[in-house]
Amino acid sequence: MDRIILESRVMQAVEHVLGGGKHEDDVVELKADWPDVKSFPRRLAGAANRAAGTEIILIVGIDEDNHRVVELGDDIDPETWWSQVRSGFDELEAPDPTIHKIVHVRDGQTVVAFAFRTDGAPYVVKNLTGKGPEREVPIRTATGTGWAHRSDLIRMLARRVHTPNVVPLADSHLNFTWYAEKNPADGKRRDEYTSVYASLFVFVEHLASDFVMFPQHAMTVSLDAGGRIIPLKVRPPHRPMKGAQVPPASLHGIEARDDGLLVTGPGRAHIECIASIPAAVVSREDIEQLEGAVVNLALPVTGSDVPARLTLSFRRVKPADAGDAFHATLGNFVLTPS
């Protein structure tokens, strides 16, 4: 990971938290203050053993609970702090901090960011409590940090697949369209509903030598519309019409296939998502009053336990129109600049 990519990911995570969001990323850790040198080795080793090949990021100076940047002061030297953390690892084999950088985020405020390589997993830490085994192999779980199982160790030692970073592109947009109970085409009755269409454009920063597969069946997308969480369905990619001229496929880039996105190099990808929301779940009036919405995207990687995650925040740019008795556009939303 180079410094520009690290800075971009840090700014994206911090802006999301400052905007009131909750950070959800398996490979990015947020801390309001410098982590305790005795307890942090276990937590870092757990995150690194789960990532097992994918770089992880530590951001110090962001309070996730209170959505603010915290001034760290000058009483702790980062190099001394890291030396103490590293001493908690067995044989001093800790995740390698490839970058240590002060990142300016907003209004002169700064955070401290580290990028760690994790290709040395499994990482073993010393037990400093005096109870239980002298050493352990921790691993991050859904509820915290636990002990690794045999299957976890095998997975760490097997061929590792890199999870590339994914960033949003400005031409992403979100539309809502309301439909009445009666269908004017045939006069039949139906349940009133709102149709959602999300057109998500992302750039995949894949610079590793091997390929990566984002399988479509495992992709998960959800819409947060004013606190109501709505799952979205990922559409298969459009196929060119029979006889249409198709440019030759690039040797490196992204290929949109029926079964997912095959990534052989950095490139742009288009993910379309749809949903039909019954009026009993979210009413027309609820959508008309929305000023913004959030889409959470998770792209699992075949052969890796670490998905690529992305949060896209949208803002309204077009008000709802009156429409007619049968349907109406409830607003168009574009990506909020970071």
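The figures that follow rest on heavy atoms only: side chains count, while hydrogens, waters and symmetry mates do not.
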Same cluster (ILVMFWY, side-chain, under 4.5 Å), [X] and [Y]:
{"X": "V17", "Y": "M11", "result": "yes"}
{"X": "L44", "Y": "W147", "result": "no"}
{"X": "L6", "Y": "V167", "result": "no"}

Mind checking whether [X] and [Y] have side chains closer than 4.5 Å, heavy atoms only?
{"X": "D33", "Y": "L72", "answer": "yes"}
{"X": "S222", "Y": "I229", "answer": "yes"}
{"X": "V204", "Y": "L299", "answer": "no"}
{"X": "L335", "Y": "F201", "answer": "no"}
{"X": "R106", "Y": "L18", "answer": "yes"}
{"X": "F114", "Y": "P95", "answer": "no"}
{"X": "E93", "Y": "V124", "answer": "no"}
{"X": "V103", "Y": "V14", "answer": "no"}

Where does the angle between the aromatic ring planes of [X] and [Y] fall among parallel (under 30°), tilted (30 to 60°) and perpendicular (over 60°)?
{"X": "Y193", "Y": "Y179", "result": "parallel"}
{"X": "Y123", "Y": "F89", "result": "perpendicular"}
{"X": "F333", "Y": "F176", "result": "perpendicular"}

Residue pair E134, N127: steps toward the side-chain contact (heavy atoms from CB on, under 4.5 Å) verdict: CA-CA 5 Å; E134 292 183 359; N127 184 351; 5.6 Å; no
Compare every heavy atom of [Y] with every heavy atom of [X], then report the nearest pair and how far apart it is.
{"X": "D36", "Y": "P41", "answer": "O-CD, 4.3 Å"}
{"X": "K318", "Y": "N332", "answer": "CD-ND2, 3.2 Å"}
{"X": "L290", "Y": "G226", "answer": "CD2-N, 3.6 Å"}
{"X": "T336", "Y": "R315", "answer": "OG1-N, 3.5 Å"}
{"X": "F214", "Y": "P164", "answer": "CZ-CG, 3.8 Å"}
{"X": "I139", "Y": "A148", "answer": "CG2-CA, 3.8 Å"}

Check against side-chain contact (heavy atoms from CB on, under 4.5 Å), D259 and Q216: CA-CA 5 Å; D259 55 356; Q216 181 177 316; 5.9 Å; no
So how far is it from [X] [atom1] to [Y] [atom2], rounded to the nearest 0.5 Å?
{"X": "L169", "Y": "R268", "atom1": "CG", "atom2": "CZ", "answer": "5.5 Å"}
{"X": "Q84", "Y": "W82", "atom1": "CD", "atom2": "CH2", "answer": "12.0 Å"}
{"X": "H100", "Y": "W81", "atom1": "NE2", "atom2": "CH2", "answer": "9.0 Å"}
{"X": "L30", "Y": "E64", "atom1": "CG", "atom2": "CD", "answer": "5.0 Å"}
{"X": "S87", "Y": "K126", "atom1": "OG", "atom2": "NZ", "answer": "6.0 Å"}
{"X": "L232", "Y": "I277", "atom1": "CG", "atom2": "CD1", "answer": "7.5 Å"}

Would you confirm whether [X], through its side chain, and [Y], through its main-chain N or O, come within 3.5 Å as a donor-acceptor pair?
{"X": "H327", "Y": "W178", "answer": "no"}
{"X": "N49", "Y": "G46", "answer": "no"}
{"X": "T264", "Y": "F211", "answer": "no"}
{"X": "T98", "Y": "R117", "answer": "no"}
{"X": "H173", "Y": "D171", "answer": "yes"}

Atom NE2 of H67 with >12 non-hydrogen neighbours under 6.0 angstrom: yes
Enclosure of I102 CD1 (heavy-atom neighbours >12, cutoff 6.0 Å): no
For residues 56-63, dump all side-chain donor-acceptor pairs below 3.5 Å to protein atoms at least two apart in sequence or in another chain.
residue	atom	partner	partner atom	Å
D63	OD1	D65	N	3.1
D63	OD1	N66	N	3.2
D63	OD2	N66	ND2	2.8

Full working for side-chain contact (heavy atoms from CB on, under 4.5 Å) between V282 and T194: CA-CA 8 Å; V282 180; T194 296; over 6 Å; no
Candidate list V212, L261, V202, test side chain to side chain contact (heavy atoms under 4.5 Å, CB included), partner I254, passing option: L261
side-chain contact (heavy atoms from CB on, under 4.5 Å) between L223 and L174, worked out: CA-CA 10 Å; L223 168 70; L174 182 65; 4.0 Å; yes
Side chain to side chain donor-acceptor pair (under 3.5 Å) against R309, all qualifying residues, sequence neighbours excluded: none
Derivation and outcome, side chain to side chain donor-acceptor pair (under 3.5 Å), residues H270 and S199: CA-CA 7 Å; H270 184 205; S199 179; 2.7 Å; yes
Selection residues 38-50 - residue pairs positive for salt bridge (Lys or Arg N to Asp or Glu O under 4.0 Å), sequence neighbours left out: E29-R43, R42-E136, R50-D305
